[in-house]
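Inspection log for the structure reproduced underneath, given as structure tokens.
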Amino acid sequence: MILKEKDFWSEKIPFIKKLKDFYSKIEYKGINLWPIMANEAYTYYKSQEDRGFKERLGLIVRFIFFKENLNVEKSKGKILISYFMNREDHHELVKKAISAFPEKEIFFMDAYKYKRNPLKMYKPTIPNFYLLFLTWREFKRSNLKKTLGKYYWLFLARTYQRCNQISYFKKIVNYLEPKAYVAFCSPAFGEEAIMTLICKEKGIVTFSMQHGFYREGHTFGPEAVLTENSIPDYFLLWGKKTYDIQKKYVDSSRIILVGNPKYSKLNRKDKKTFNPKKATIFFGNNSFNKGNLELLKIVGAFIENHPEISFNITVHPMNDINLFSGGLKFKNVKFIQKDFPVQNLLEESDFIILYSTSVAMEALNYKIPILQYHGDDSLRFWNEKNDSFTSIEGLENLFLRLKNAREYKKLINFYEKELTKIFYFHPIKSVPQVYYDKITAIIKR
């Protein structure tokens, strides 16, 4: 049964609902602004203290006085694929997902190289003062200052920029005349939401990839915008667990299981006993730093208690490893740069310790214990209690229990079952080949 809109977080949370009511009534050149601004609303509700005055001012200046300058070349009539994010791990995911497509069939609008060098992606422009005035007037009439507080001018400037982007991307879509559009994540990225809505307006089939793990729970989390802001025609998902969540928001005919392009099924041999020599500790992103710092104290004591084990320490791409390095100065510790491949760390680890990071899901494929710290706001990926702890005593007890061969095998068998729920593996085809076959079949249909 599909949930009704009244059950969405965007209806339950006053901050988001106010912005949804405002943007849902505004269209620019026939494109409604709410699906484009939804991610901003969800994001700033979740982390309203993240941006200081200087950062907000810098963004306002960029939104008003600069515009995109993308090179679309001569690529008419192809499948348009886009990526708008400055993260190497997700960039690698998209490249692998489309690796089975012949180059002559696609145009990859790869904004990653521009994002790494904003001077290439944006060029100075004279503002459209009339549009800026109209935007200000709408904000003033809706009395949003009380709702947005210090983010009032930032949202106003962002709304103005999104309107300009609608004009810009309409020209691009009209020029390219794509046969289909595949976004990295149109529910969460304004540029891709805009192109999705433009393509849908023109009758061009649209897709959006899964790029992170969904959790089902009663607390507001980052996947809310991914499930609720369901604008593409089709969702390309990693496995049944995500499918079961997403089908509560959209008709199941719009959901396509393709798998995670970064992973194929690993046929690792089961270890009969737990005799660890190496481990990796993963700290979550900066919005979970309260719990990250709590975990820091626990693992500091744990590392000191286990000089026989070598520990790698790394952090989420959106965090700063310097926040943790000072508290873990031990001979058996090595700090790993956050852009180092997670797969390499998992491959060489006998077990891992983590907090609120989706590495937990990725680690299922490696048949190793995944010891999770559960703080007040931790992300819980499954209900297994035999791999979670809240104190140094709890962690030591888990570690000791795993020395029992029966307990160790029981946990690894649980992970094997979870893996089949979270990741779809075709019995014969590679994940990129599944992407190609299923997308092209829908286009032909």
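Values reported hereafter were calculated over all heavy atoms of this structure, with side chains retained and with hydrogens, waters and symmetry mates removed.
- Under the 4.0 Å criterion applied to side-chain N and carboxylate O atoms, Glu177 and Lys76 are not assigned as salt-bridge partners.
- Ring-plane geometry between Phe288 and Tyr355 is classed as perpendicular, the angle between the planes exceeding 60 degrees on a 0 to 90 degree scale with a lower cut at 30.
- Between the side chains of Lys202 and Asn174, at least one donor-acceptor pair of N or O atoms lies under 3.5 Å.
- A side-chain donor from one of Gln433 and Asp437 sits under 3.5 Å from a side-chain acceptor of the other.
- Of the possible donor and acceptor atoms, one in the side chain of Asn365 sits under 3.5 Å from a partner among the backbone N and O of Leu266.
- When ring centroids are compared, Phe101 and Phe108 stay outside the 6.0 Å threshold.
- Other residues, nucleotides and ligands contribute more than 12 heavy atoms inside 6.0 Å of the NZ atom of Lys12.
- Side-chain contact annotation: Tyr373 with Ser388, donor-acceptor N/O pair under 3.5 Å absent.
- With sequence neighbours left out, Thr227 forms a side-chain hydrogen bond (donor to acceptor under 3.5 Å, both in side chains) with no residue at all.
- Classification of the Phe220-Tyr42 ring pair by plane angle, with boundaries at 30° and 60°, yields parallel.
- Other residues, nucleotides and ligands contribute only 12 or fewer heavy atoms inside 6.0 Å of the NZ atom of Lys67.
- Counted within 6.0 Å of NZ on Lys409, heavy atoms from surrounding residues, nucleotides or ligands total 12 or fewer; the atom is thus considered open.
- Between Tyr436 and Ile79, the closest side-chain pair of non-hydrogen atoms is not below 4.5 Å.
- Aromatic rings of Phe63 and Trp153 (six-membered ring for Trp) have centroids beyond the 6.0 Å cut-off, not under it.
- Summarising the local packing, NZ of Lys265 is surrounded by more than 12 heavy atoms from other residues, nucleotides or ligands at distances under 6.0 Å.
- By the salt bridge (charged side-chain N to carboxylate O under 4.0 Å, His left out) test, Lys421 is found to be paired with Glu418, residues two or more places apart in sequence or in another chain being considered.
- In summary, the side chains of Thr206 and Lys200 do not present any donor paired with an acceptor at a separation below 3.5 Å, with no hydrogens or angles considered.
- Judged by the 6.0 Å and 45° rule, Arg62 forms a cation-pi pair with Tyr122.
- Not counting sequence neighbours, Lys444 has no partner by the salt bridge (charged side-chain N to carboxylate O under 4.0 Å, His left out) test.
- In terms of the ring pair (Phe, Tyr, Trp, His ring centres under 6.0 Å) criterion, Phe282 has no residue partners (sequence neighbours excluded).
- Listed by chain and residue number, Phe351, Phe399, Tyr408 satisfy the ring pair (Phe, Tyr, Trp, His ring centres under 6.0 Å) test with Phe274 (two or more places apart in sequence, or in another chain).
- The aromatic rings of His426 and Tyr424 sit perpendicular, their planes meeting at an angle over 60°, well past the 30° parallel limit.
- Relative to the six-membered ring of Tyr366, Arg268 misses at least one condition, a distance below 6.0 Å or an angle of at most 45° to the axis.
- Side-chain atoms of Asn292 and Asn289 include a donor-acceptor pair closer than 3.5 Å.
- Taking the six-membered ring for Trp and the full ring otherwise, the centers of Phe389 and His374 sit at least 6.0 Å from each other.
- Between His316 and Phe283, the distance separating the two ring centers is not shorter than 6.0 angstrom.
- Aromatic ring centres of Tyr44 and Tyr151: separated by under 6.0 Å.
- Using the six-membered ring where Trp is involved, Phe8 and Tyr249 have ring planes that are tilted, between 30° and 60° apart.
- Judged by distance alone, the side chains of Asn275 and Thr273 never bring a donor and an acceptor atom under 3.5 Å apart.
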With a cut-off of 3.5 Å and sequence neighbours excluded, list every side-chain donor-acceptor pair involving residues 256-264.
unit_1 : atom_1 : unit_2 : atom_2 : d
Asn260 : OD1    : Lys262 : N      : 2.8
Tyr263 : OH     : Glu362 : OE1    : 2.1

